[in-house]
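Atoms considered below: every heavy atom in the structure, side chains included; atoms not considered: hydrogens, waters and symmetry mates. Keep in mind that what you see is a predicted model, and the values were worked out from it rather than measured.
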Amino acid sequence: MMMMMMIPALLLAFISLAAAEHLDTLYPDLEHSRTIYVTENAPRLSVTSHPSKVASRRGGNATLPCDISREQSAAPSGKMRIKWTKLTSDFLKEVDVFAAMDHHKRSYGSFHGRVHLRGSSPMDASLVIADIGLEDYGKYKCEVIDGLEDAAAVVSLDLDGVVFPYYPRLGRYNLNFHDAERACRDQDAMVASVEQLRGAWRGGMDWCNAGWLSDGSVQYPITAPREPCGGKDTAPGVRSYGLREKDKNQYDVFCFTSHYKGSVYYLIHPSKLTYDEAWRACQQDGGQIAKVGQMYAAWKLLGYDRCDGGWLADGSVRYPISRPRARCSPNEAAVRFSGFPDKKHKLYGVYCFKARH
């Protein structure tokens, strides 16, 4: 009797061993140490974000969508927690933006007082951001925790703006990553992202000097392949040097700026000015000398056109051309660059910026 009971067990073991050997033959790289759990029940809590990208502008508002859904049979725990975080450009960490549970709500850092939940229904976790700044650009994560269940979705906030290449008076390839961040910030801009540079390239940007991007990579956009810029037989595209050492390597930088509250204008003055005289003249007119980012925003976003070279805050002389014509910019619409003249002896006009409150 004992022998008869053992035969089915031995037969089952033999079948299991044969099945395992068959799996080894089909999947030689299968990790036997990994345990795979299979459940028949789908998650009872889910979070979706549609659309997954929202566009706005500096100074505007935006609503980042986040919708919660739960199986009807799954009762809420009464302690649902909603948390919004911002992902850094290198995705290495998350920055707290907003958290809510029951009647308790909290905003963090630079978002304090500017964010709240739309709350059109108990299942609406959408985040409203007011008075958007350049630093608000990027990807955000909406995470919902309800009891033992949690779910998350990611949404991007894009800004309408312009990418421009930049290097300071020191000359080309003199900025490490941290210097590049300061240089863009000083010119009313921020270091552009990879996506922003690619968007500028799709819009026709062609620039043969490599510059830092916000993820720590160094790239440059080429629409007309040529020998000094990666080779004339190569395809158009955004060339990449990959990630570089932020403290040691030195390049130019690609900056990004958006709309501003105010106006950029060429100051009508009876005579040409040195740099210091230009600075004072803008102050006497109730404004300040314009920054490079403000000049690019006026040119690209507002169609500013003026064929007079003028001082800007960084000591450069530039002028914006939206309508190409002889003696101004015959071949392309662009912000024309006349270099960094001697501040004490060279005389030019000046572009001023007057803020609107």
Side-chain angles (χ1 to χ4, degrees), residues 45-49 51-56 58 62-66 68 80-101 104-117 125-146 148-159 161 163 175-186 189-199 211-219 240-251 253-258:
L45 177 72
S46 65
V47 171
T48 57
S49 178
S52 60
K53 177 179 285 190
V54 175
S56 188
R58 179 164 55 172
T63 300
L64 307 185
C66 183
I68 307 168
M80 181 182 289
R81 183 169 186 260
I82 299 169
K83 182 178 181 182
W84 278 92
T85 55
K86 186 174 187 292
L87 308 179
T88 56
S89 58
D90 54 12
F91 298 102
L92 293 180
K93 65 177 183 178
E94 299 178 15
V95 177
D96 289 339
V97 175
F98 183 85
M101 187 171 71
H104 303 286
K105 299 176 175 62
R106 182 179 178 184
S107 54
Y108 297 87
S110 64
F111 294 96
H112 182 66
R114 295 194 298 122
V115 294
H116 66 273
L117 294 184
S126 302
L127 184 74
V128 179
I129 307 178
D131 193 21
I132 290 172
L134 293 176
E135 67 281 356
D136 294 335
Y137 167 88
K139 296 182 184 298
Y140 293 76
K141 185 174 78 171
C142 172
E143 183 178 15
V144 178
I145 303 170
D146 187 19
L148 298 178
E149 298 254 12
D150 68 275
V154 174
V155 57
S156 298
L157 174 60
D158 199 7
L159 297 182
V163 173
L175 301 171
N176 67 25
F177 181 79
H178 310 292
D179 294 332
E181 286 185 312
R182 283 190 291 271
C184 288
R185 190 164 53 245
D186 288 346
M190 67 176 189
V191 180
S193 69
V194 175
E195 293 80 7
Q196 288 168 335
L197 183 64
R198 288 176 179 166
W212 289 104
L213 296 176
S214 61
D215 66 344
S217 67
V218 173
Q219 306 187 34
S240 177
Y241 291 178
L243 298 175
R244 313 303 286 177
E245 293 190 52
K246 292 183 176 181
D247 294 314
K248 296 180 180 179
N249 294 140
Q250 293 181 316
Y251 297 94
V253 62
F254 289 98
C255 302
F256 173 84
T257 193
S258 184

Shortest non-hydrogen contact from [X] toward [Y]:
X    : Y    : answer
Q219 : S217 : NE2-OG, 3.0 Å
L134 : A189 : CD1-CA, 3.7 Å
F254 : G211 : CE1-N, 3.5 Å
S214 : S193 : OG-CA, 3.3 Å
G216 : K246 : CA-CE, 3.9 Å
P51  : P65  : O-CG, 3.3 Å

What's the spacing between [X] [atom1] and [Y] [atom2] if we round to 0.5 Å?
X    : Y    : atom1 : atom2 : result
I68  : L45  : CD1   : CG    : 7.0 Å
F256 : Q196 : CZ    : CD    : 4.5 Å
L157 : S56  : CG    : OG    : 6.5 Å
R198 : L213 : CZ    : CG    : 9.0 Å
R106 : F98  : CZ    : CZ    : 11.5 Å

For Q250 and E245: C-alpha separation, side-chain torsions, deciding distance, then whether side chain to side chain contact (heavy atoms under 4.5 Å, CB included) applies. CA-CA 9 Å; Q250 293 181 316; E245 293 190 52; over 6 Å; no
Residues in side chain to side chain donor-acceptor pair (under 3.5 Å) with [X], at least two apart?
X    : answer
H112 : S107
K141 : E94
S49  : none

What pairs with Y140 under ring-ring contact (aromatic ring centres under 6.0 Å, His included), at least two apart in sequence or on another chain? none
Go through the structure and list residues passing ring-ring contact (aromatic ring centres under 6.0 Å, His included) with F177, not counting sequence neighbours. W212
Side-chain heavy atoms of [X] within contact of [Y], under 4.5 Å:
X    : Y    : answer
L127 : V97  : yes
L64  : S126 : no
R114 : D136 : yes
R58  : I132 : no
V253 : V191 : yes
W84  : F111 : no
I145 : M80  : no
S156 : S52  : no

Intermediate values then yes/no, salt bridge (Lys or Arg N to Asp or Glu O under 4.0 Å), D150 and R81: CA-CA 9 Å; D150 68 275; R81 183 169 186 260; over 6 Å; no
Step by step, work out the side chain to side chain contact (heavy atoms under 4.5 Å, CB included) result for C142 and V155. CA-CA 8 Å; C142 172; V155 57; over 6 Å; no
Taking [Y]'s backbone N and O only, do any of them form a donor-acceptor pair with [X]'s side chain (distance below 3.5 Å, no angle check)?
X    : Y    : answer
D146 : E149 : no
K86  : Y137 : yes
T85  : V95  : no

Restricting to side-chain contact (heavy atoms from CB on, under 4.5 Å), what partner residues turn up for V128, sequence neighbours left out? T63, H116, R118
